[in-house]
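What follows is one structure encoded as structure tokens, with my remarks underneath.
Predicted, not measured: the structure shown is a model, and the values here were computed from it. Note on naming: letters A, B, ... go to the chains in the order of the sequence lines (proteins, then strands), and numbering restarts at 1 for each one.
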Protein chains: 4
Amino acid sequence: MGRKEVPSLVKDEKLIEKRRGEMVKAAVNLFKENGFHRTTTREIAKASGFSIGTLYEYIRSKEDILYLVCDSIYEGVKEKLHEQISLAEGSIEHVKKAIAVYFNVVDEMQDEVLVMYQEAKSLSREALPYVLKKELEMTAIFEDLLHRTVAQGELELNEEEVKLLAHNILVHGQMWTFRRWSLRKEYTLEEYTQMQINLLLYGVLNRSLTGKTS
Amino acid sequence: MGRKEVPSLVKDEKLIEKRRGEMVKAAVNLFKENGFHRTTTREIAKASGFSIGTLYEYIRSKEDILYLVCDSIYEGVKEKLHEQISLAEGSIEHVKKAIAVYFNVVDEMQDEVLVMYQEAKSLSREALPYVLKKELEMTAIFEDLLHRTVAQGELELNEEEVKLLAHNILVHGQMWTFRRWSLRKEYTLEEYTQMQINLLLYGVLNRSLTGKTS
Amino acid sequence: MGRKEVPSLVKDEKLIEKRRGEMVKAAVNLFKENGFHRTTTREIAKASGFSIGTLYEYIRSKEDILYLVCDSIYEGVKEKLHEQISLAEGSIEHVKKAIAVYFNVVDEMQDEVLVMYQEAKSLSREALPYVLKKELEMTAIFEDLLHRTVAQGELELNEEEVKLLAHNILVHGQMWTFRRWSLRKEYTLEEYTQMQINLLLYGVLNRSLTGKTS
Amino acid sequence: MGRKEVPSLVKDEKLIEKRRGEMVKAAVNLFKENGFHRTTTREIAKASGFSIGTLYEYIRSKEDILYLVCDSIYEGVKEKLHEQISLAEGSIEHVKKAIAVYFNVVDEMQDEVLVMYQEAKSLSREALPYVLKKELEMTAIFEDLLHRTVAQGELELNEEEVKLLAHNILVHGQMWTFRRWSLRKEYTLEEYTQMQINLLLYGVLNRSLTGKTS
DNA sequence: GATGAATGAGTGTTCATTCAT
DNA sequence: TATGAATGAACACTCATTCAT
């Protein structure tokens, strides 16, 4: 659904799934180490355990690998998220919980997230929209959560504020990877999570309280 | 001060400054369009208005260009910042003003800023620290501002919260360029600025007010 | 045995052997004409009958070609030598025969020998020792021969004289290539061989003394 | 006389002489270290103490420098030779003395001699004959010496043997530099000289025969 | 006479991709 | 389906030489 089709010369769908899984796993590790441009298709083939010829049976171009990698990372993050939080509820506590879970997932997959964050720009003008769409879907998860919490009466935010807050939550999660060279020195993941939750929510939280009392 | 020396075969310092300026300008435009790796040194030379041989009179390697680009962008941002805000004061109003000015500068230099944050990772392990140092210097500007405002009694934040808030301010500025594909659709720069100021500060602001009133 | 491994991206050992043979042959001709430095890898590839990309499937660097050339020449000389002379005997006659055979081989391979003699110095500090070792192995062939002849009682030479004489034999062979611009004008190979054998073995001074006394 | 003219844009002959002397000195050192091809004209200019522009006031091309270097080395060797031996005499003792003096000169100028014999091949087809001519002049010195000694009745050699012996003497001098990686381990210069004089002049075969008969 | 900035053809090398087996 | 040898356009970088000042 909304996923871009990457054609393969091989017919067996099961095999495609399997081989591409091996490819992506190998590629993430290599991209992590050397970046997309400095990684060669030969290296990816070798690390995947098959020949360069076989690699090209399952993709059309090097860029396809990058797309598959990005796609796979988003799916991974989303899957882990769905495993741990119910998206049907709506309460301040639930928002806090969701943020914490999200930050945890980002931390677990920090290499992957960083790779995607840094290399997605190398996707062609054709493939990029598919990845950006995934990013929007991720944002939507938090938007929905916030909407429900607003509907519940626990938060007082207009539409645009919901959007921006959801955006900020996502960004603060990514920050933990792309500024880790600095943040890791100052905070543990737990401290970082707690402090960001405070900074993210106390504003809107107090305001709504204030709003209520006034 | 803390800047990495990039050696040149040319002796005339004035000329080096001039030619490197031309180079950086051309390179930013090309990097913006195609990224660092997809841009060739010949393209940079041509766009700079001189031959490939001349290009290499002023740098040692392609990476030097990227370093000069990053360095120049930081200097540009800092210079514009210093032009518009006094860094000696300390008040809520001043913090708001500084954020707005910073977001404005980022918006004016959005191409440059985008290029830097996307390509800096391609710097070698030798050059990267110099750029990260610049980033910390930028963060420190906001840390100082917040410290002074805390000292003034207008904010109530501990040391670690100051650090994180400064990080957040910087990152949200960058995000205006990084996620412009999404943000631009929703907000004007002014709206984005105003809303982020609210989200960033109302949390801590109300808390301190609450603290005061209690 | 003692040969330096030159890695190849190609797995088929037979093919490596074959392609490198073609490469070396082409390279010798080109080096002969223009020297190592003035010969381009593209020229070598073309003369070898394959593309530049293919060339680099079989070597890592241009210097590898030079090493293979040197190695191949030594092997060629040694092989031809072993084909024609038994190295187990030891007599004046056998020494003379061996010298004549060696000079013949040098003459047959004069282009190769000259190339090696002139270009080996361009080998890196890493590869040079392997080539010098081959040179010592060549010298050792004549040392052994002389030793056996001494043991047979047909010559009276101490260890150091054996070494130097073997060295001189080798040098006189190489001379035939690197001074051919002059020697060829004066002597045929047969004349040169006969005269050098005389000078090497008979001595000029004693002969004249003998001549006088007889 | 017989020297190739190397044109210069500068008129002042004294200055030409001086500058070229500086150039040659610098070039020999650089060629010694890195070889002719790996040495750049910029390096030569710098090591000579003037600019690249000035360098080209005194030569037309890089190859001119190589020619001047070769020429200068020959002149140096010849000069030192003439300083120490009279070329008018003719006797066995004198030949021995001349060989020893020549070997000494070669040893003193070993770097220069090595450079010349390794790099002369890079001279163009136009310049090479001039250098070969110098080499023949050197050979002629020993030919003459041998001729006079034959005429004196102290040696019994025909014309062709004289020529070849002269060649051999020259080559064995050169080999002291060329094969120093091997020879230096076995012999001091004095030992090498003494032994080569013996082998060149006394012969090994007759000696052993003599030994046997005595 | 001296300088050194400018030039650009040329070099070694890489690597995504193809295709015969 | 799987292989891996072959390809060649493209790349970063060099350096002998020129010429305006």
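A donor-acceptor pair under 3.5 Å links the side-chain atoms of Y67(B) to the main chain of K4(B), judged by distance alone. The backbone N or O of L30(A) lies less than 3.5 Å from no partner atom in the side chain of E43(A), so there is not a single donor-acceptor pair. Listed for the E119(C) side chain is no donor-acceptor partner under 3.5 Å among the backbone atoms of L66(C).
Checked for salt-bridge contact, K134(B) and E75(B) meet the test: a charged N lies under 4.0 Å from a carboxylate O.
Closest of all the heavy-atom pairs between I73(B) and E112(B) is CD1-O, 3.1 Å. When all heavy atoms of I52(A) and T41(A) are compared, the pair lying nearest together is CD1-OG1, 3.5 Å. Between I44(B) and A26(B), the closest heavy-atom pair is O-CB, 4.2 Å. What you find for H37(C) and K62(C) is that their closest heavy atoms are O-NZ, 3.7 Å. For L55(C) against M23(C), the heavy-atom pair with the smallest separation is CD1-CG, 3.5 Å.
Read 5' to 3', the first and last nucleotides of DNA chain E with an atom closer than 4.0 Å to a heavy atom of chain B are dG4(E) to dG10(E).
The side-chain hydrogen bond (donor to acceptor under 3.5 Å, both in side chains) contacts involving residues 48-61 of chain B comprise S51(B)-T54(B), E57(B)-R42(D), R60(B)-D64(B), where partners must be two or more places apart or lie in separate chains. For residues 15-34 of chain A, the set of pairs meeting the ring-ring contact (aromatic ring centres under 6.0 Å, His included) definition, not counting sequence neighbours, comprises F31(A)-F36(A).
Straight-line distance from the CD atom of E57(B) to the P atom of dT14(F): 11 Å, rounded to whole Å.
Within residues 46-56 of chain D, the residues having any heavy atom closer than 4.0 Å to DNA chain E are, in order of number, F50(D), S51(D), I52(D), G53(D), T54(D). Looking at residues 7-40 of chain B, you'll see T39(B), T40(B) sit with a heavy atom under 4.0 Å from some atom of DNA chain F.
Both R42(D) and Y58(C) sit near DNA chain F, but only Y58(C) has its closest nucleotide nearer the 5' end.
Side-chain atoms of Y130(A) and D71(A), non-hydrogen and from C-beta on, never get closer than 4.5 Å to each other. The closest side-chain heavy-atom distance from S8(B) to R19(B) is not below 4.5 Å.
At dC15(F), none of the side-chain N or O atoms of T41(D) fall inside 4.0 Å of OP1 or OP2 (strictly under the cut-off).
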Based on Watson-Crick and G-U pairs with both distances under 3.5 Å, what dot-bracket line describes DNA chain E 5' to 3', crossing pairs as [ ] and inter-strand pairs as |? .||||||||||||||||||||
